[in-house]
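This is a predicted model, so every value here is computed, not measured.
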Protein chains: 2
Amino acid sequence: MAYRETEKMRIRKAEARQRIVSCAYQCVAKSGFHSARVTTIAAMAGVATGTIYRHFESKEDLFAEIFRLATQREVDKVAEALSTQGDATVRLEAALRQFAERALRGPVMAWSLIAEPVDPKVEEERLAYRQAYAELFEKAISEGIEEGCIPDQDARQSSTCLVGAIAESLVGPLSPAQTNSRAEPRNDNYEPLVNSILRFCMQGLTGTRR
Amino acid sequence: MAYRETEKMRIRKAEARQRIVSCAYQCVAKSGFHSARVTTIAAMAGVATGTIYRHFESKEDLFAEIFRLATQREVDKVAEALSTQGDATVRLEAALRQFAERALRGPVMAWSLIAEPVDPKVEEERLAYRQAYAELFEKAISEGIEEGCIPDQDARQSSTCLVGAIAESLVGPLSPAQTNSRAEPRNDNYEPLVNSILRFCMQGLTGTRR
DNA sequence: TCAAATAGTGAATCATTATTCATTTCTTGT
DNA sequence: ACAAGAAATGAATAATGATTCACTATTTGA
């Protein structure tokens, strides 16, 4: 004699939640966390503003989830590249290339993940994200040191330098100002830029001229 | 038969302006542009809120000036280090050390200058700032290439990697979260960190193991 | 001391957004 | 078809902070 949550409703709610997440993701990918508005996301997802708050405690919570999601994708790709065949330098180079190319293809999101200032809860996710990268690269560098293809060094510190060198190389030329004033289809040739960055990174790592 | 701006007044106004600039600078150095409030700055400077607007068109304009000021200091120091004796690698290393050490001593301001998102007018200043660095380092690298102590490469791109590697190395460990939870007197020993970063950078540049 | 002109003031205004909550609409089992 | 819940709504609220502007105070030269 009353309403009882049924499978159908569970699914419908899950779909709404998914739609909200997806639209929030798009908003962030388009112009960063700072300019993503709750009302805009709601409109995009075809729900009322208040509905967002039935699925998430707050904007921060929603954004933390978006961040986690975006992050996971990137980290997975890098981990994948790192787990292929070859010695550590080869695998590291492949991973760095993956990292750089993906960031170049989605510069706004890349910037948001790397450098945009965010609320505490989101910043917490970022810490985990940096950690994840640092650990992945650090592990590969350490393996390289053991293998002997990379000279002894502070693996964690070098890992940080790698991320920094790449990030700066992307954040600069692909900052909003640069990105906006560009033709629609993003089919630039990234090869030279990426190669140039990678040479610097690999030399920094190995101390050997490429 | 009327008020006419006199030397005395000119000086007094200049002093007030100077006080505003100085307090704004302190606020930004303490917690970044984003959390620097016009009202706080006014209170600190001992003037009314409205007075700020007799000296500056807007908050953006004030901040642009602060940015320019802070930037000039840094660029000058680096330029100074680059203009000493020695071959290009020696001079570059000295300049990078200067850059890193100064940033480590003022991590919040360094972060604001390098990575904090800011309003358009301030962002414009940042462009000039990046440009100034890029040009300084690029020039030194090009000289090194001519001298023969640095192998041929895209000098501008390498310059970007240098800035990125250093910046990331600092932004991470010295982000607000890290910085806040530290004992008062900032007399840490930066040597190992800086040396580690510099090795990576110089190797990236020269492709030669240090 | 006076009048003209400028400088300084800070409470009020305006703009922007996240969040709430009273109300409406939908679901469910009988 | 009904009543009990649950979900959805979105206009109203609240909080924040830059900016304004009507007013007061100060300075100046006569």
d(CD, A:Glu5; C1', C:dG29) in whole Å: 15 Å

With sequence neighbours excluded, residues passing side chain to side chain contact (heavy atoms under 4.5 Å, CB included) with B:Ser22: B:Gln18, B:Gln26

For atom CD of A:Glu60 and atom P of C:dA18, their distance in whole Å: 12 Å

N/O donor-acceptor pair under 3.5 Å between A:Glu60 side chain and A:Lys121 backbone: yes

Dot-bracket encoding of pairs in DNA chain C, which uses [ ] for pseudoknotted crossings and | for another strand, Watson-Crick or G-U under 3.5 angstrom: ||||||||||||||||||||||||||||||

Nucleic acid contacts of residues 9-23 of chain B, taken as heavy-atom distances under 4.0 Å to DNA chain C: B:Met9, B:Lys13

A:Ser159 versus A:Ile141, closest heavy-atom pair with distance: N-CD1, 3.9 Å

Ring geometry between B:Phe137 and B:Tyr133 (parallel below 30°, tilted from 30 to 60°, perpendicular above 60°): parallel

Test item: A:Glu116 side-chain N/O and A:Phe33 main-chain N/O as donor-acceptor pair under 3.5 Å: yes

N/O donor-acceptor pair under 3.5 Å between B:Thr84 side chain and B:Ala81 backbone: yes

OG1 on A:Thr160 to CG on A:Asp154, rounded to 0.5 Å: 8.0 Å

Distance, rounded to the nearest Å, where B:Leu62 contributes CG and D:dT19 contributes P: 10 Å

DNA chain C contacts among residues 37-58 of chain A, heavy-atom distance under 4.0 Å: A:Arg37, A:Val38, A:Thr49, A:Tyr53, A:Ser58

B:Lys8 NZ to C:dT6 P, straight-line distance once rounded to whole Å: 17 Å

Integer-rounded Å distance: D:dG29 P and B:Glu7 CD: 12 Å

Using distance only, find each side-chain donor-acceptor pair of residues 36-53 of chain B under 3.5 Å and give its atom names and separation, not counting sequence neighbours.
from: B:Arg37; atom 1: NH1; to: B:His34; atom 2: O; distance (Å): 3.3
from: B:Thr51; atom 1: OG1; to: B:Ala48; atom 2: O; distance (Å): 3.4

Minimal non-hydrogen separation, A:Leu113 against A:Tyr129, with atom names: O-CE2, 3.4 Å

Interatomic distance where OH belongs to B:Tyr3 and C1' belongs to D:dT28 [whole Å]: 8 Å

Residue pair B:Gly204 / B:Gln153: nearest heavy atoms and the distance that separates them: O-OE1, 4.4 Å

Test side chain to side chain contact (heavy atoms under 4.5 Å, CB included) applied to A:Glu65 - qualifying residues, sequence neighbours left out: A:Arg17, A:Val21, A:Phe56, A:Arg68

